[in-house]
Amino acid sequence: MLTAILVMVSIAVVIGLALGWSAIKLKVEGNPLAEKIDAILPQTQCGQCGFPGCKPYANAIAKGEADINQCPPGGEDGVKKLAELLGVEAKPLDETHGTPKPKSVAFIDEKICIGCTLCIQACPVDAIAGAAKQMHTIIAAECTGCELCLPPCPVDCITMEPIIEDLPHWKWKHPVINLKRVA
Amino acid sequence: MSRELFKFKGGVHPPEHKSESNTRPIALAPIPNFLVIPVRQHIGNPAKPLVHVGQSVLKGQMIAAADGYISAAVHAPTSGVISNIDLQPVPHVSGLPDLCITLVTDGLEQWIDHGPIDYQALSPAALRMQLRDMGLAGLGGAVFPSAVKLDPGAAHTCPTLIINGGECEPWITCDEMLMRERADDILQGVAVMRHLLGSTEVLVGIEDNKPEALAAMQAAAAQLDFVVEIVAVPAIYPGGGAKQLIQTLTGHEVPSGKLSTDIGIQVFNVGTAYALARAVHHGEPLISRLVTVTGHVLRPQNLEVLIGTPMHTLITHAGDRDGTTGVLMGGPMMGMPMPDLKVPVVKATNCILVKSSELFPTLPKALPCIRCTRCADVCPAELQPQELFRFAKAGDFGRAQEYHLFDCIECGCCSYVCPSHIPLVDFYRYAKSEIWANEKEKRAADLARERHEFRQFRLEREKKEKAEKLAAKTQAKRAELTTAPAGGAVASEADAKKALIAAALARAQAKKVEATPKNTDSLSAETQREIEEIEARRAKIRELAHQPLETEEKLK
Amino acid sequence: MPAPFILDRSSVTQVMAWVLAALLPGVAVYVWVFGPGILVTLSLATVTALAAEAAMLKARGYPVKPFLTDLSAIVTAWLLALSLPSLAPWWLIITGTVFAIVVAKHLYGGLGQNIFNPAMVGYAVLIVSFPVQMTQWSGPIELTPSSLSFAQSAAVIFGGDFPKAALDAVTMATPLDTLRTGLLQQLTIDEIMPKSIFGQYGGTGFEWLAAAFLVGGLLLWALRIIGWQVPLAFLAGIWLTAGFLHFFDAGRFGAPWFHLFAPSVMLGAFFIATDPVSGATTPRGKLIFGFGAGFLTIIIRTWGGYPDGVAFAILLMNLSVPLIDAWTQPRIYGGSKRNGKDPSA
């Protein structure tokens, strides 16, 4: 009886020591889970999730403080990927955070722009070029389509232009072979 | 002398259908009323238009310049006036339009000044730049800018030069006819290639189903002052694929993910060699090419066609027939269906194949894959097409890449033999383009993350700097105020602040007076209105600026 | 629809039709050696398979015609029928066929999706569930006192009133059964082999059937319907494994030729193991698949609970196909790696 207890206790001690040692020795800097989540998020930095940017949202998900379905730009696909990563059930997007829209870029009507720089301050990725009292313009290649520049504009000169499919953006479609329907 | 040939794995023997179009000599296509010339006819950056609407141009004049290293210029194929520079339908399977320069022809064929290039006197780099500006691109179908391919790179030499006269696609005979009628010119072009690449061995691979072409090339090669070996290779599709021809002729395989130049071999199509000869020996840029017009037409033949000629004019010239079910650019194995017959002939157009229901019966419905691996047996890239299909269909692109999706040359052999009639190549194209798109998206997301993080860092830094600056300034001002005022015995903090504000106000006032516009007299009514509009907007902004707290809170 | 715009003239129907055609020599020899009973079995299995296939296609919402005319159901039916004892009762045939089509084929997703060979699943279910009926073989005509006409066979199969004595006069144990029983009675091979059921190479009559299947198989190979890898590796697996055992103890283990010339081996090598859907796809994978099936066949025949092991051996190898395929990915054009990626990576 005593031997059994001793054996169990010593096993527990050894395993505990091993765990404690590895917790210190094998510690990973940063939060790897949040990084992985951040890699899935679309980096629109739009804040529709209720967090100021993708990284804070990723951290919140990693801590279990936010749900995985709060990112409209990521769409259902993004939710699915997050669900897969976290090993949870995928769920439909939370509509209160907005609905997915076709990918767009902001466009400044340069005739109306008064050069107030409010949009420049709002842009999360510094994709607007311009200076005070100078006309501004969007660097389309760097615009994430977050729409954060729309509300501050005093003259409503910014519009969202959906990205049209042109030759360089064209993709082959999934071939349709419907076995169930026969001509 | 006969050369030891090697066999590549796989391949198929579709019906050749060459005799329809190779019995008539090459003819000149009529000059149409207008030409539509896309600026994106090659791989790489599209050319930049140099002309404006209404401008008269001469034959051979550059109308769009090469943009960057991997690019090629575009020239006016004949003389005339530019009528449009806009989006027009182009020969692309998507049916999407692209930027084109429309040229209304005047029928005068007035050439711009041109003459032969003394290529041996030029440095290789200068010669390559000149070839880029003459619009040379591979005419075998991939239209890669030739100037880039003629650069032997770090090795400074490319020992083996292979000229591809394989032309394994059914129906197409433009390379064959070119070799039969213009073998001398082709080999003149080969001489320039050999010069640029420093090649010591020149091989011309021609499929053995073209005896006339072989004979013509052999006769022409005998006249040369350097050795060109004309080799008959077995006719098997896709024996004319660059990688397959390299293996057949040399026994070497191009390593996966590398270029043939990495193993000291460069391959050019015979048409490219011909175009190069025209460019160097006659100073003619690439403004026309041979096009096989065949299939369901009255007189299948090869035509010398100006780039930009609308396809329907060629079909009319060859004699259109009732019962046409569609038109392909290229052959039946790798060609693309044309969304519109108004699309122009481009540098990549080697064949216009008119379909009818007799020649091209509707393909049967697809059935499930039974994993019979016939596709694997015929795959010249030695892939496992049935596995690639499974992954591509399921959207498992990672696995598809692991199974070497990007080594697929899209030759269509797998689809051709599939007993279940599955459009396999479609699935590979779809998977490839999804992977590219994902890659692009990922890069965009990474860029956005990086920029966002930098912005956070910048804001933080600015805030800190501002705070430091402010602290320093206040310190200085306070010091000034405490010493300057007469009788200023004890200035309280509040007094100091008040003084600061007053000073700032005075400064602002001064600025305002300064900023008053000077030329306010004698303005037109329109300008006056504009100014008023702007003033109104300014007023609105000022109003908004008066409630900064709200915005700030929102930002927080 | 994009390129290519032309097709070779092959089709699933054509492939399946050739498989059926290649089975005909075997069927003819079967009739000649064992009497016309097999024709009843074949017909019953065919009708059952088509009915089950049609019903399942309907139930799963697929169009019936293109899938029924691909003939794959009939191939399954014939392979199963040729594996069953020639005087198996009607319900046995129907049960096996229905199980093969409904469970092994359609419940796994239909044509092209089944991981197990449907005919072999049907066979395995029957031999596990009804071992007695599954050994009711009619003996070769030249060895039995009497033989059955077509009508008499039908009567036996459909459970008609048939005298037990007459039935006993036509049935006898198969060579493999005899061998097995003999070995269990501690007899040596030399004592068992002189029995009349054993012929020159395999069993009397049975060896002719094996030869007929071999001819059909070679036809399929000549037509490039099947590759050489699976049959050759399968036969090599049988021959080498049996030969190895026989070499060490000829008294306890049958001769390799005897094992090779069992009809089930030829049928398995050329018609069943070559089933593309449930088999390995890479060239080296096919060799491993075939050899493994041959090896397991002998192992099961020697130490297993059933006289023949072809069905179980093939089913076991079916199980290993994803692993074999993943491990034997061939080198590609211009590739350097010989091996495919580890499937777990």
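All heavy atoms count here, side chains included; hydrogens, waters and symmetry mates do not. Below, chain A is the first sequence line, B the second, and so on; all start at residue 1.
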Peer 1: Using a 4.5 angstrom heavy-atom cutoff, name the option from B:Q456, B:E450, B:R458 with the most pairs to chain A.
Peer 2: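 Counting heavy-atom pairs under 4.5 Å, the top option is B:R458.
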Peer 1: Mark yes when over 12 heavy atoms from residues, nucleotides or ligands other than A:E65 sit less than 6.0 Å from its CD; otherwise mark no.
Peer 2: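 For A:E65, atom CD is crowded (more than 12 foreign heavy atoms under 6.0 Å).
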Peer 1: Name the option with the most non-hydrogen atom pairs under 4.5 Å to chain B; the candidates are A:A127, A:G53, A:C123.
Peer 2: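 Answer, by heavy-atom pair count under 4.5 Å with chain B: A:C123.
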Peer 1: How close do B:L447 and A:A141 get, heavy atom to heavy atom, and via which atoms?
Peer 2: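 Nearest pair, atom of B:L447 first, then A:A141: CD2-O, 4.3 Å.
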Peer 1: So what's closer than 4.5 Å to chain A heavy atoms on B:P46: side chain, backbone, both or neither?
Peer 2: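 For B:P46, there is no contact with chain A at all, as no heavy atom is under 4.5 Å.
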Peer 1: What option among B:Y430, B:F427, B:F454 has the most heavy-atom pairs under 4.5 Å with chain A?
Peer 2: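 Of the options given, most contacts go to B:Y430.
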Peer 1: Side chain, backbone, both or neither: which part of A:C143 has a non-hydrogen atom closer than 4.5 Å to chain B?
Peer 2: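 Looking at A:C143, nothing touches chain B.
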Peer 1: In Å, rounded to the nearest 0.5 Å, how long is the span from CD of B:E453 to NZ of A:K55?
Peer 2: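 Going from the CD atom of B:E453 to the NZ atom of A:K55 covers 5.5 Å.
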Peer 1: Could you name the residues of residues 433-443 of chain B that have a heavy atom within less than 4.5 Å of a heavy atom in chain A?
Peer 2: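 Residues of residues 433-443 of chain B touching chain A at under 4.5 Å: B:S433, B:E434, B:A437, B:K440.
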Peer 1: Restricting to non-hydrogen atoms, name the atom on A:D126 and the atom on B:R451 that form the minimum distance, rounded to 0.1 Å.
Peer 2: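 Of all heavy-atom pairs spanning A:D126 and B:R451, the closest is O-NH2, 2.6 Å.
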Peer 1: What's the shortest heavy-atom distance between A:L167 and B:S94, and which atoms?
Peer 2: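 Smallest heavy-atom distance, with atoms named: CD2-OG, 3.5 Å.
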Peer 1: Does a side-chain heavy-atom distance below 4.5 Å link B:R455 with A:V125?
Peer 2: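 No, their side chains stay 4.5 Å or more apart.
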Peer 1: Heavy-atom distances under 4.5 Å only: say whether A:K171 touches chain B with side chain, backbone, both or neither.
Peer 2: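 Both parts, backbone and side chain.
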Peer 1: I'd like to know if the side chain of A:H174 and the backbone of B:K393 have a donor-acceptor N/O pair within less than 3.5 Å.
Peer 2: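 The answer is yes, because a donor-acceptor pair under 3.5 Å joins these two groups.
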Peer 1: Do you know the tightest heavy-atom contact between A:P42 and B:A445?
Peer 2: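 Between these two residues, the closest heavy atoms are O-CB, 3.8 Å.
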Peer 1: For the CZ atom of B:R449 and the OG1 atom of A:T144, what is their distance to the nearest 0.5 Å?
Peer 2: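 Rounded to the nearest 0.5 Å, the CZ-OG1 separation comes to 12.5 Å.
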Peer 1: Among A:C54, A:G47, A:A39, single out the residue with the greatest number of heavy-atom pairs under 4.5 Å to chain B.
Peer 2: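 Among A:C54, A:G47, A:A39, the one with the most close pairs to chain B is A:A39.
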Peer 1: Which pair of heavy atoms, one from B:H452 and one from A:P52, lies closest together, and at what distance?
Peer 2: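 In this case the closest contact between B:H452 and A:P52 is NE2-O, 4.3 Å.
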